[in-house]
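As C-alpha cells, the structure follows; a few thoughts come after it.
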Amino acid sequence: MKKINHRTRIVILTVMMTVLLVAVYALGAMIPDRAVAGSFLNASKPPSWEHPFGTDALGRDLLMRTLKGLAVSMTIGLCASLISAGIAVLVGIGAAIGSSHVDGVINWLIDLVMGVPHTVLVILISFAMGRGLKGLLIGIAATHWCSLARLIRGEVLQLRSQQYVAISRKLGKSGGWILVHHLLPHLIPQFFVGLILMFPHAILHEASVSFLGFGLSPEEPAIGIILSESMRYLSTGMWWSAVLPGLTLVLLVLLMDQIGEYLRKILDPYTAQE
Amino acid sequence: MIKACIRVLSLLFAVSVISFLLVSASPIDPVQQYINGLGTAVSPQQRAEIEDYWGVNEPPIQRYFSWLGELLHGNLGESAIYRRPVGEIIGERFVNSLALMFCAWVLAGVIGFSLGCVMGMFQDKWADRILKKICYILSSVPTFWLGLMFLLVFSVWLKWFPIGFSSPIGVLDEDVTFGQKLYHLILPAFTLSLMSFANIALHTRQKLVDVLHSEYVLFARARGEGRRTILLRHGLRNILFPALTLQFASFAELFGGSVMAENVFSYPGLGSAVAAAGLNSDVPLLLGVTLFSALFVCVGNMIANLLYGVVDPQVREVVE
Amino acid sequence: MKQKEETLLEIHDLSVSFRMYGQGLEQEELRVISDLHLTVHPGEIVAIAGSSGSGKSLLASAILGILPDNATVRGHLHYKGEELTAERQRQLRGKEIALVPQSVAFLDPLMKVGKQADGHVKPRPVEKRKSLFRRLELPEKTEQFYPFQLSGGMARRVLVSTALLVDAQLVIADEPTPGMSLNQALEALKLFREMADEGRAVILITHDIDLAFAFADRIAVFYAGTTVETAPASDFQKGPDALRHPYSKALWSALPQNGFTPIDGFQPYAGNLPEGCLFAPRCPYKKPECERAVPPVREVRGGEVRCYCSV
C-alpha cells in the first residue's frame with residue numbers, strides 16, 4: 001500500500017470535514033417550510049425511525065428543525081465572523097503601522113470592548129437595533145474581533161522588524177509594495193485561520209443570545225430558540241428536545257474547531273515540511 | 001498608577017456614553033413599554049407627563065448629562081419592571097450573583113489548576129491526552145446547554161436538586177436558610193465553573209510544561225530533585241500566580257457565563273436581571289447593569305495587574 | 001589493574017538516540033551520541049571539545065541520567081568501578097556527581113539565590129553555603145538576590161558553589177564560558193582548576209578549544225556525537241604531528257593562530273549518519289575499510305583514537 005504522508009492525510013481529512021459541514025448547511029437550507037410544519041397528532045413524540053430526534057410540543061419534527069436552525073445559525077455566524085475578521089484585519093494593521101497615537105487609541109478601544117462582558121454587550125446592541133436578526137449580527141460582529149486584531153497587530157509588528165522588510169524599505173520600495181509582497185502573504189493565512197476559528201465561537205454566541213430571547217423571532221427555527229423552548233418542557237420528560245439538538249450543535253462546533261486546527265497546521269510553514 | 005486610574009475612568013466613561021447612545025438609538029419606545037407594564041389605560045395627558053418626567057423629548061446630549069449627573073449622585077433611576085430604584089436592585093442581585101460567581105470561580109480555579117498540574121506532569125501520557133480532549137470538548141459546549149443537561153439529569157431525572165430559583169418557592173426571603181441557598185446554588189455554580197475551568201486547566205498545563213522543560217528544572221533534576229520536589233519547589237512557584245492572574249483577568253467571561261447560567265436556572269442575579277431588562281425594555285436597569293458589569297470587569301483586571309506586579313521580582317524590586 | 005582503580009568514570013561505546021514522532025505514527029531514530037569512549041581520573045580536568053550542535057550537552061545529561069523520556073541509552077557507564085545504573089544515577093546525582101550549568105537561566109527566576117544554592121536537602125546547609133559564598137567572594141547580601149540581579153560572574157560562582165556544597169567527586173561543567181569576557185572565563189576556569197587540584201575530577205564540555213588547551217589535562221575531541229581522539233592537552237600545543245586523528249589535526253589547523261584553514265564539508269546530521277567512521281566522508285586519508293565499519297578505539301602514543309590510519 002502506498003504510504004500517505006501526514007500532511008496529505010490532514011488535507012484529505014479537512015476536505016472531508018468541510019464537505020460534511022457544507023452538506024449539513026445545504027441540507028438545512030433546502031428543507032422546505034412544510035417539513036417543519038406542526039401537527040398536533042404528532043406532538044411530543046420521543047425519537048423514532050420516523051422522527052429520529054422526536055417531535056416538539058407542537059408536533060414539529062425536531063431533526064428538520066435542528067438542521068434548519070443550524071443552517072440559520074451558520075449563516076449568521078459566517079456573516080458575523082466575516083465582518084468581525086474584516087474589522088480585526090483593518091484594526092490590527094492600523095494599530096501596527098499607524099502612529100503610536102493610533103496604536104494607543106486602538107488598544108484603548110480593544111480594552112473597551114473587552115471591558116464589557118460580551119453577552120451583556122450583545123444584549124445591549126441587540127436592544128439598540130430593536131432585537132431581531134440585524135442586532136444579533138452586528139452584536140456578534142462587534143464583539144469578536146479583539147483577539148484576532150491583537151494577533152494581527154503582533155504579527156505585523158514582528159514582520160516589520162524583519163530584516164527583509166527593512167531591506168525592501170532601504171531599496172526604496174513603497175509602503176504599499178511592502179504590504180502586498182511581504183505582509184499580505186503572512187497575513188492572509190492568519191486571516192483565514194482566525195476566521196475559521198472565530199466561526200464556531202460566533203455560532204455559540206448566536207445560540208446563547210437567541211436562547212435568551214434576543215435576536216431571531218420565536219417562529220424561526222434557530223438552535224437557541226429550539227433549546228429555549230425545550231427548557232419549558234424539560235420537567236415533563238421531553239429530554240430529546242434538549243439533548244439531541246444541543247448535541248448536534250456541539251458536534252458541529254467541534255467539527256469546525258477541528259477544521260480550523262487542521263487548516264492552521266496546513267498553512268503553518270513550520271509544519272508544512274512534514 | 002495615576003495613568004492606570006485615568007485609563008480605567010476613561011473606559012468607564014466611554015462605556016456609559018456608548019451604552020447610553022445604544023439605548024437611545026433603539027427603535028423600541030421605552031415609554032410605551034413602561035405604559036404596557038403598568039397594565040392600566042393611560043390618557044394622552046398622563047403619557048405626556050411620563051415623557052416629560054423621563055425627558056424623552058429632550059436632545060440626547062442633555063438627557064445623557066442629566067442621567068450622568070444623577071448617576072454620580074448614586075441615582076441610577078427607577079427600574080420599569082421592578083418599580084424600584086435600579087441601585088437597590090443591583091445591590092441585592094449582585095449579592096446573589098457574587099455568591100454564584102465566587103463559588104464557580106473558586107471551583108473552576110481549584111479544579112482547573114489541579115487538572116492542569118496533572119496534565120503538565122504527565123505530558124503526552126494517557127491521562128494528559130484524555131483530560132486535554134475533555135477540556136477541548138468542554139470549551140465547545142455552550143454554557144446554557146450544559147446547564148440544561150444538568151437540570152435534566154440532576155433535577156428532572158435524579159430529583160437531587162430543585163429546578164430554578166435561589167430559594168424554595170413560597171418561602172419568605174427572611175425564612176430562607178443559608179443551607180437552602182447553598183443547595184440552590186450548587187448546580188448553577190457547577191455549570192458556570194465547568195465552562196471556565198477548561199481554559200485555566202489548559203493554560204496551567206502549558207505553563208507547567210514550559211517550566212518542566214526549562215533549564216532551571218533540568219538543573220534541579222541534575223541536583224537530584226525528584227518529580228514531586230520539582231513540582232512543589234519550582235512548578236507551583238512559577239505557575240500559581242500566572243494562573244491566579246488569568247483567573248482575575250477572566251471576570252468578563254465569568255460574568256457573561258453567569259448571564260447564561262442564571263437564566264437557565266432562574267437564579268435571581270444580575271444576569272437574569274439584564275436579560276429581563278433587555279427583553280422588557282427596562283432602559284435604566286439595562287444601563288445600570290451594563291455599567292456595573294464593566295466596573296466588575298475593571299476591578300478584575302486591576303487586581304490582575306497588581307498581582308502581576310507583586311509576583312514578578314523584577315517588577316517588585318524596581319518598585320521598591 | 002591499578003589504572004582501573006584510579007578511574008572515576010569510564011564510558012564505553014555510549015550511544016544516545018531519540019525517538020521522534022514527527023510524522024504521525026512513523027518513528028525516526030536520531031542518534032546524537034554514538035560509540036562514545038571516555039575515561040576520567042580523579043584530580044584531572046578532561047575537556048570535551050567539539051563544534052556546536054554535536055550533542056556534547058546531552059553527554060552530561062546521559063551521565064546524570066536526566067535525558068528526556070524519548071531518549072534511549074546504550075553502552076556502559078562505570079562510576080568508581082561500578083555499573084552506573086539508573087538507580088545509582090538517581091542516588092549519585094546532586095551528591096557525588098554534580099552539574100555546573102552555563103548560565104543564570106539554570107536558576108529558578110522566582111527563587112532567592114541563597115535558598116536555591118542550598119538545594120532541596122533538609123536541613124538546609126546554610127552555614128556551609130555561607131562560608132562557600134565567602135570563599136567564592138560573593139557578597140553576604142547575594143543570598144537575598146533573585147537570579148536576575150546577579151552579574152554573569154556572580155551567577156557562575158553561585159552555580160559553582162552548588163557543586164562544592166555537596167562535595168561532588170565528579171563535576172561536569174557544561175559550556176561554562178560562552179558570553180563571558182576573557183577575564184571572567186579565566187576566573188571561571190581557575191575555579192575548576194582549583195576543584196580538580198582538590199582531588200575531584202572535572203569534565204569540561206566546551207567548544208572553546210583555546211581555553212580547553214590552557215586548562216585541561218586531557219582533551220577529548222568530539223565529532224558528530226563521538227570522541228574521535230583523547231589526547232594529553234600538551235599534544236595540542238605541540239602541533240598536528242603530535243595528534244592522532246585527521247579531524248583533530250584539521251581542527252588544529254582551523255584555529256586562527258594556526259592558519260585558519262577550514263575543513264571542507266559539514267558534520268553529518270544525526271538522522272543521517274554514515275555507516276563506518278563518522279569522519280570518513282570528509283577525511284583526506286580515507287581508506288575503503290573506513291566506510292564499512294566504525295574503527296575500534298586504539299591506544300596510540302599515549303592517547304586514544306578511533307581511526308584505522310593513525311600511527
Side-chain angles (χ1 to χ4, degrees), chain B residues 117-129 132 204-205 207-246 307-320, chain C residues 21 57-58 60-70 88-113 115-122 144-150 155 158-159 161-163 165-166 168 170-175:
Chain B
C117 285
V118 171
M119 293 197 293
M121 288 305 278
F122 296 97
Q123 190 204 352
D124 293 337
K125 303 268 164 50
W126 61 267
D128 177 38
R129 282 161 190 243
K132 209 163 67 179
T204 303
R205 173 190 182 273
K207 282 272 172 205
L208 186 58
V209 165
D210 290 347
V211 168
L212 292 181
H213 284 105
S214 71
E215 292 177 322
Y216 57 86
V217 164
L218 186 75
F219 183 45
R221 291 180 62 202
R223 295 181 76 188
E225 291 183 24
R227 288 169 65 84
R228 225 178 87 91
T229 319
I230 286 174
L231 177 66
L232 296 177
R233 212 173 128 85
H234 304 287
L236 294 187
R237 181 184 303 265
N238 282 282
I239 61 175
L240 189 57
F241 278 90
L244 202 58
T245 311
L246 183 79
L307 263 183
Y308 182 74
V310 168
V311 176
D312 191 343
Q314 294 211 37
V315 178
R316 195 171 54 206
E317 297 285 327
V318 168
V319 170
E320 279 170 11
Chain C
Y21 286 96
S57 295
L58 287 164
S61 295
I63 296 171
L64 289 158
I66 52 169
L67 286 164
D69 288 344
N70 61 339
R88 247 172 84 74
Q89 279 172 329
R90 213 183 344 267
Q91 291 162 358
L92 292 175
R93 66 174 173 241
K95 296 191 185 73
E96 288 204 23
I97 309 177
L99 175 73
V100 176
Q102 55 171 307
S103 75
V104 71
F106 287 82
L107 292 175
D108 188 330
L110 297 186
M111 197 188 286
K112 286 188 175 165
V113 166
K115 185 176 181 197
Q116 194 147 208
D118 287 341
H120 67 294
V121 286
K122 283 180 186 139
Q144 293 300 324
F145 282 178
Y146 283 97
F148 80 95
Q149 292 165 301
L150 300 175
V158 169
L159 292 169
S161 78
T162 63
L165 189 66
V166 292
L170 176 64
V171 175
I172 306 167
D174 184 9
E175 300 271 10

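Just the heavy atoms: all of them, side chains too, but no hydrogens, waters or symmetry mates, feed the values below. This structure is a prediction, so every number in the text was calculated from the model and none was measured. So that the names make sense, note that chain A is the first sequence line, chain B the second, and so on, each numbered from 1.
Side-chain contact between B:Ser214 and C:Asp108 is absent, with no heavy atoms from C-beta onward closer than 4.5 Å.
The shortest non-hydrogen separation linking C:Phe106 to B:Phe219 is O-CD2, 3.3 Å. In terms of heavy-atom proximity, B:Arg233 sits nearest to C:Met111 at O-CE, 3.6 Å. Closest non-hydrogen pair, B:Glu215 versus C:Ala105, comes out as OE1-CB, 2.9 Å.
B:Arg223 places a side-chain N or O within donor-acceptor distance of the main-chain N or O of C:Ala117, the cut-off being under 3.5 Å.
Contacts between C:Lys115 and chain B at a heavy-atom distance below 4.5 Å involve backbone atoms as well as side-chain atoms. With a 4.5 Å cut-off on non-hydrogen atoms, C:Leu67 touches chain B through its backbone but not through its side chain. For C:Asp174, no part lies near chain B; criterion is any non-hydrogen pair under 4.5 Å. Of the atoms belonging to C:Ala98, not a single heavy atom falls under 4.5 Å from chain B. Looking at C:Leu64, only its side chain comes within 4.5 Å of chain B, counting heavy atoms on both sides. Proximity to chain B is absent for every atom of C:Pro147, based on heavy atoms less than 4.5 angstrom apart.
With rounding to the nearest 0.5 angstrom, the CZ atom of B:Arg221 is 11.5 Å from the CG atom of C:Leu99.
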